[in-house]
Amino acid sequence: MTGNRLFNLDTVMVDVVTMVEHLPVHGGDIRASQHVLATGGGFNVMSAAARQEMAATYVGRLGRGAFSQLARSDLEREHIDLAVAPDESQDVGFCLVLVDATGERTFVTAPGAELTLDANALARVEPADGDYVFLSGYCLVHPETGPAIAAWISRLKPGVVVAFDPAPRVLDIAGDLLSAVLARTDWLLLNTAEAVALSGEEDTSDVLEVLLTVSARRGVVVHAGERGCVLATREGGVHDVPGFVVDALDTNGAGDTHDGVFLAELAAGSSPLEAARRANAASALAVERIGPATCPTREEITTFLATRPRQTS
Ligand SMILES: Nc1ncnc2c1ncn2[C@@H]1O[C@H](COP(=O)(O)OP(=O)(O)OP(=O)(O)O)[C@@H](O)[C@H]1O
Ligand SMILES: [Mg+2]
């Protein structure tokens, strides 16, 4: 494990994924052809970082019950520590996912213990200079936890590196919380649609300029699907970092893999450009694998890159 730690606030919940022909009609009942239970949410970023040998800690609440037990055993298997005591009065929440025959996904989110994270619990978690803190937009949209998390982020020591992935619900975040977090963000990690929404600009160079002005004290990484990503740093300018040509089977969670590997590489001393290249390789390998938490290990990424894989331009 490398010295600098990752503290992740993105909430861990359980995904209950069902494959159905179509959504049930009002008052109906349909049979799923397949189903799977998997620890999700912030688990994927932490497991991606932990597989790069970065020490990862979950700054969030689990609870009591079957879903919490599943999450706890997955976190333990990936050597992820827990910074906050569980809520003994309820289970962690879940997301019911209905995937229909067209591949479209419909969600029902049922929150639980993760939304009882409060300022007192956060005050006991103190990352040191050089440590990394990751949070996503999902941390800020919930009125139960958003204000305490934004306040905690604002009070972090100046040497703590903050990475923020606003995720698709970026426009649902309260303006004051979003501004507070953006002002403290060192690395902004997001996809093209989110970058456009957050900046209010369309043209790539305008988007990057706005994001580097309002946020991103060190830089921005824009995920660009199979094309790889765009890296813009304050000191190093803008780079298109090509992706790798693979048979994409499951792109779910590719962004989480990218975020986790990018941060772990920075923490290990890689340059931002090298970190982005390895994050592209890791997420290309991950989209070839079906299921959650499919990030490869550091060694697997090195082996993949040594085979001189074909890059997208
Ligand atoms: N089809 C693909 N082939 C190769 N690499 C891919 C493919 N799709 C995604 N990637 C890699 O995964 C990274 C993240 O994927 P994407 O651009 O979809 O981000 P995202 O929209 O933030 O993802 P998420 O929906 O998981 O949040 C990309 O930057 C790229 O490196
Ligand atoms: Mg994303």
Side-chain angles (χ1 to χ4, degrees), residues 8 10-11 13 15 17 38 40-49 51-52 95 97 99 103-105 107 134-141 163-173 185 187-199 204 207-208 211 219-232 238-265 272-296 300-301 304-305 307 309-313:
N8 164 63
D10 194 16
T11 46
M13 300 174 76
D15 291 332
V17 185
F43 174 61
N44 295 323
V45 171
M46 289 188 283
S47 79
R51 289 179 193 182
Q52 314 312 303
C95 181
V97 184
V99 184
E104 181 63 278
R105 303 190 300 260
F107 300 125
F134 174 86
L135 78 164
S136 88
Y138 294 110
C139 299
L140 303 175
V141 290
F164 175 47
D165 184 331
R169 291 193 60 192
V170 54
L171 296 180
D172 299 332
I173 301 170
T185 295
W187 288 101
L188 192 59
L189 314 173
L190 72 187
N191 68 22
T192 313
E194 293 150 9
V196 166
L198 189 59
S199 66
T204 308
V207 166
L208 293 171
L211 295 180
V220 182
V221 179
V222 183
H223 306 150
E226 61 186 16
R227 286 185 294 112
C229 66
V230 179
L231 170 74
V238 179
H239 300 267
D240 281 312
V241 188
F244 295 94
V245 179
V246 291
D247 280 331
L249 295 178
D250 182 0
T251 60
N252 212 5
D256 296 333
T257 297
H258 204 279
D259 292 349
V261 173
F262 181 73
L263 298 176
E265 283 300 321
L273 193 55
E274 175 62 6
R277 192 172 84 96
R278 290 186 72 93
N280 281 349
S283 36
L285 285 169
V287 303
E288 281 192 313
R289 302 173 177 177
I290 295 175
T294 48
C295 183
E300 286 173 313
I301 298 168
F304 173 72
L305 288 170
T307 63
R310 196 147 66 87
Q311 296 188 351
T312 55
S313 48

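Note that ligands are numbered from 1 as they come in the structure, with each ligand's atoms numbered from 1 the same way. Residues: numbered from 1 along the sequence shown.
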| Considering only heavy atoms, which of Gly255, Pro168, Ala286, Gly253 lies nearest to atom 14 (C) of ligand 1? | Gly255
| Phe164 and Phe134: aromatic ring centres closer than 6.0 Å? | no
| Any N/O pair Ser283/ligand 1 closer than 3.5 Å | yes
| said: With nothing but distance in play, are any N or O atoms of Asn252 less than 3.5 Å from an N or O of ligand 1? | reply: no
| Interfacing atoms of ligand 1 (cut-off 4.0 Å, heavy-atom, Phe244) | 3 (N), 4 (C)
| Side-chain heavy-atom pair Thr294, Asp250 within 4.5 angstrom cut-off | no
| request: Report yes or no: does Asn280 contribute a side-chain atom to a donor-acceptor pair with the main-chain N or O of Val241 at less than 3.5 Å? | output: yes
| task | Heavy-atom distances under 4.0 Å are what count here, so tell me which part of Ala279 touches ligand 1: side chain, backbone, both or neither. | result | neither
| Does any N or O atom in Glu194 lie less than 3.5 angstrom from one in ligand 1, N or O only? | no
| field | Side chains of Ile301 and Arg51 in contact at under 4.5 Å (non-hydrogen atoms) | value | no
| message | Protein heavy atoms near atom 10 (N) of ligand 1, is at least one of them under 4.0 angstrom away? | response | yes
| Which atoms from ligand 1 have a heavy atom of Val246 less than 4.0 Å away? | 3 (N), 4 (C)
| Euclidean distance, Ser47 OG relative to Asn8 CG, rounded to 0.5 Å | 10.5 Å
| note | Closest to atom 7 (C) of ligand 1 by heavy-atom distance, out of Glu226, Arg227, Gln311, is Glu226
| task | Mark up the atoms of ligand 1 that fall under 4.0 Å of a heavy atom belonging to Asn280, in ascending order. | result | 29 (O), 31 (O)
| What's the spacing between Glu194 CD and Leu189 CG if we round to 0.5 Å? | 10.5 Å
| note | heavy-atom search around atom 19 (O) of ligand 1 in the protein gives His223 CB, 3.2 Å
| task | Give the atoms of ligand 1, by number and element, whose distance to some non-hydrogen atom of Ala248 is under 4.0 Å. | result | 1 (N)
| task | Please say whether more than 12 non-hydrogen atoms of neighbouring residues, nucleotides or ligands are located less than 6.0 Å from CD in Glu288. | result | yes
| Residue Asn191 vicinity, atoms of ligand 1 by number, heavy atom under 4.0 Å | 20 (P), 21 (O), 22 (O)
| To which protein heavy atom is atom 6 (C) of ligand 1 closest, and what is the distance rounded to 0.1 Å? | Gly225 O, 3.6 Å
| query | Is the backbone of Tyr138 close enough, under 3.5 Å, to the side chain of Ser136 for a donor and an acceptor to pair up by distance? | reply | yes
| query | Quick check: are there more than 12 heavy atoms from other residues, nucleotides or ligands sitting under 6.0 Å from CZ of Arg227? | reply | no
| query | Taking only heavy atoms of Ala254, which atoms of ligand 1 are found under 4.0 Å from at least one of them? | reply | 12 (O), 14 (C), 15 (O), 26 (O)
| request: Measure the spacing between CG of Asn44 and CG of Asp10 and express it to the nearest 0.5 Å. | output: 9.0 Å
| message | With a 4.0 Å cut-off on heavy atoms, is Gly243 in contact with ligand 1? | response | no
| message | Need the ligand 1 atom indices (1-based, order shown) with element for anything under 4.0 Å from a heavy-atom of Gly228. | response | 28 (C), 29 (O), 30 (C), 31 (O)
| field | Arg278 with Glu300: basic N within carboxylate O range, under 4.0 Å | value | no
